[in-house]
Amino acid sequence: MKNFNFLMLYFALSFAIAGCEKSIEDPTTEAPVDNRETFEDDPFENLVKDSILYYTKVFSLWESSMPPEDLNDILIQDTLRGYTKYYETGQDVLSWLMSLTPIDPTTGNPIDRFSFLDRQGAVSSEIQEAVATSYGMYLIYLQTNPAVNNAELYVRMVDAGSPADGVGIQRGSRIISINGNSEIDYVTQEASDFEFLNNALSASSMNIVFLDENNQEVTASIRSSIYTYDPILAVEVFDLGTKKAGYLAFSSFVSITNTNGSYTQMYRDFEDIFSTFASSGISDLIIDLRYNGGGLVETAEYLADEICPSSANGQLMFTYDINDLLESEGFLTDPEYFGPVSFRKSGSLNLSRVYFLVTNETASASELLINVLEPYMDVLLVGAYGSNSAKENTYGKPVGFFAIPIVSDDIELYPTSFQMFNSEGYGDYFGGLVPDIHTYEDFLKDFGDPEEGLIAEALYHIQNNKFYNAATAKSAIASIDKLKADKVVAVKSIGKNQGAKGMFKFNKDQIKLK
């Protein structure tokens, strides 16, 4: 009966919102009364705005902080328009609703910094099908000459299979010019708030000059286009003498199953990787999530089952929290939706310890994977120093979303709808997970390089059962040419972050979760 009631609610909401296309009369007395400018000339955008208020109120984890106070009043079309008419776009409405959520004590700002509107339907494609539309390169400014108070533009990551990858651009490549403009240094671009770079990365094509691995200039033309990318950045087995360590770097928790239930290439790749780790007899595992912004909950569960020790089998992995309306419908106990999730140990690895390499871009499903393993094994986090040697936590996103199509199939609303807690009840890491040690990322060495800063830190601990102490962590390790923080004038990323910072659970029935 519960599923029927939920589907009836889902369709009732869709029907009610569609009814808002009718002419709008005077707002109800609950609506704000002031002299603000109103925006009602665009019928389509009116519908988008009303839909956002409607669905966010119903599904938000913090719905009690949002108007109207009586949930039933959102079925009155004039009530919706009485609020939304003061906002020009759907995004403006969503931003207003997010601003009403409780204050996060870790930031001093409204706690909902996560909900978003996807007007191109790009997020679902990127996570479910590993399909993106961009150049596939992610840039950063580095000061490699400490005598010069400026920084040059480098590449920190490239999607395998992307347009940038196709012309030979790779992590550590220095960008010399874009569209004939060689004045792309930090000082020059900062003066214009990096407008030129952001416009160039948003354009459909660019001409680029960069230095290849042999320090030779390469000129190329690339187009921002649709491509299927490989989230696996590197896989290694490090032979450390008496020990072997497996290493896996990947950029997104993309789907391991297709919509028809068959397995994806991501699943097959993971199966091969963990089989290799097992047959190699690894004693320790390093998971590199430094730029991983999250993805599917299903994929995080799969990885947790592969990594966890055998003793965790059948034990609680995590629980959800949802708003009172959804809980009253029984979704908090239903295993098809938000019921408790238990470990189902898979694979033959039986490790007692795992290392995660993280930065402040490590988010959501990445953090979930770390958090659920904490009660069952020794979990060690190697974090990065940012600008001015600031210690970075992970991003801090223990929440996820429903993906709700509104108005048209291309527009999806993601209101923050659930929070997740490990078996010890811990899930309030809005300020991020705190690393056990911080060190310096070497942006000029590739993923999987044992001399790269974060990787070297984990390997040292595996061999010595301790990290470098605070005094030596700031200097280059003997025989390891680290890029030190005093050479990083600004760890400033240019362009969009890899992936959406979210947790997706595309399922089962009428609802899609992120």
Side-chain angles (χ1 to χ4, degrees), residues 89 91-92 95 116-120 122-123 126 132-159 161-213 215-227 229 251 290-291 293 359-361 384 386-388 390 392 441 443-444 483 485 487-501:
T89 68
Q91 181 57 56
D92 293 336
S95 297
F116 68 97
L117 183 66
D118 180 9
R119 300 193 81 133
Q120 288 78 43
V123 172
E126 185 169 346
T133 303
S134 72
Y135 296 110
M137 62 178 178
Y138 310 89
L139 309 181
I140 195 168
Y141 275 107
L142 300 176
Q143 181 184 355
T144 53
N145 183 351
V148 177
N149 190 27
N150 203 346
E152 305 300 334
L153 193 61
Y154 285 80
V155 178
R156 64 185 174 93
M157 188 175 75
V158 175
D159 286 340
S162 68
D165 180 43
V167 297
I169 297 173
Q170 58 188 10
R171 177 175 165 90
S173 294
R174 180 185 164 191
I175 307 300
I176 303 299
S177 71
I178 295 177
N179 295 333
N181 183 4
S182 59
E183 294 184 352
I184 54 175
D185 59 281
Y186 184 86
V187 171
T188 300
Q189 289 298 313
E190 183 187 33
S192 61
D193 196 27
F194 305 95
E195 181 180 8
F196 170 79
L197 283 179
N198 285 312
N199 286 341
L201 291 171
S202 299
S204 60
S205 64
M206 72 164 64
N207 296 317
I208 190 168
V209 179
F210 63 95
L211 295 181
D212 66 11
E213 57 185 336
N215 214 34
Q216 299 297 309
E217 285 195 9
V218 177
T219 300
S221 296
I222 55 177
R223 295 191 62 82
S224 177
S225 58
I226 297 175
Y227 61 92
Y229 67 93
S251 61
R290 69 184 72 187
Y291 303 144
T359 68
N360 65 356
E361 292 193 22
S387 299
N388 302 315
E392 294 182 350
E441 180 176 3
F443 298 92
L444 304 185
L483 184 70
K487 294 183 181 179
V488 181
V489 70
V491 182
K492 179 175 180 62
S493 300
I494 303 296
K496 82 176 185 71
N497 292 330
Q498 164 63 21
K501 289 185 172 65

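Just the heavy atoms: all of them, side chains too, but no hydrogens, waters or symmetry mates, feed the values below. Starting from 1, each residue takes its place in the sequence as its number.
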Looking at CG of Leu197 and CG of Asn179, how far apart are the two atoms once the value is rounded to the nearest 0.5 Å? 10.0 Å

Check against side chain to side chain donor-acceptor pair (under 3.5 Å), Asp165 and Ser162: CA-CA 5 Å; Asp165 180 43; Ser162 68; 5.4 Å; no

Atom pair CG/OG of Asn198 and Ser192 - distance to nearest 0.5 Å: 9.5 Å

Short question: side chain of Asp193, backbone of Glu195 - any donor-acceptor pair under 3.5 Å? no

Looking at side-chain heavy atoms only, is the closest gap between Val167 and Val218 below 4.5 Å? no

Minimum heavy-atom distance between Phe196 and Ile184, given as atom pair plus value: CE2-CG2, 3.9 Å

What distance do Leu139 atom CG and Leu201 atom CG have between them, rounded to the nearest 0.5 Å? 5.5 Å

What heavy-atom pair brings Tyr227 and Gly161 nearest, and what distance separates the two atoms? CB-O, 3.6 Å

Atom of Val155, atom of Ile175 and distance for their closest heavy-atom approach: CG2-CD1, 3.7 Å

Could you tell me whether the side chain of Glu190 reaches within less than 4.5 Å of the side chain of Tyr141, counting heavy atoms only? no

Closest non-hydrogen atom pair, Arg171 against Phe443: NH2-CA, 3.4 Å

Within-4.5 Å side-chain heavy-atom neighbours: Arg156 and Glu361: yes

Closest approach of Ser134 and Gly136, non-hydrogen atoms and distance? OG-N, 3.0 Å

So, do Phe194 and Tyr186 have ring centers that fall under 6.0 Å from each other? yes

Any heavy-atom pair between the side chains of Ile222 and Met206 that's under 4.5 Å? yes

Heavy-atom nearest pair, Glu183 first then Gln189, reads O-NE2, 2.9 Å

Is there a donor-acceptor pair under 3.5 Å between the side chain of Ser95 and the backbone N or O of Gln91? yes

Are the side chains of Met157 and Met137 in touch, meaning some heavy atoms are under 4.5 Å apart? no

With Gln216, which residues qualify under side-chain contact (heavy atoms from CB on, under 4.5 Å), at least two apart? Asp212, Asn214

With sequence neighbours left out, what residues match Ala384 under side-chain contact (heavy atoms from CB on, under 4.5 Å)? Thr359, Glu392, Leu454

Which residues pass the side-chain contact (heavy atoms from CB on, under 4.5 Å) test with Ser177, sequence neighbours left out? Ser182, Val209

Which is it for Ser202 and Asn199 under the side chain to side chain donor-acceptor pair (under 3.5 Å) test, yes or no, and what are the steps along the way? CA-CA 5 Å; Ser202 299; Asn199 286 341; 5.7 Å; no

Would you sort out whether Arg174 and Ile176 count as a side chain to side chain contact (heavy atoms under 4.5 Å, CB included), showing the intermediate values? CA-CA 6 Å; Arg174 180 185 164 191; Ile176 303 299; 3.9 Å; yes

Are the side chains of Glu152 and Leu142 in touch, meaning some heavy atoms are under 4.5 Å apart? no

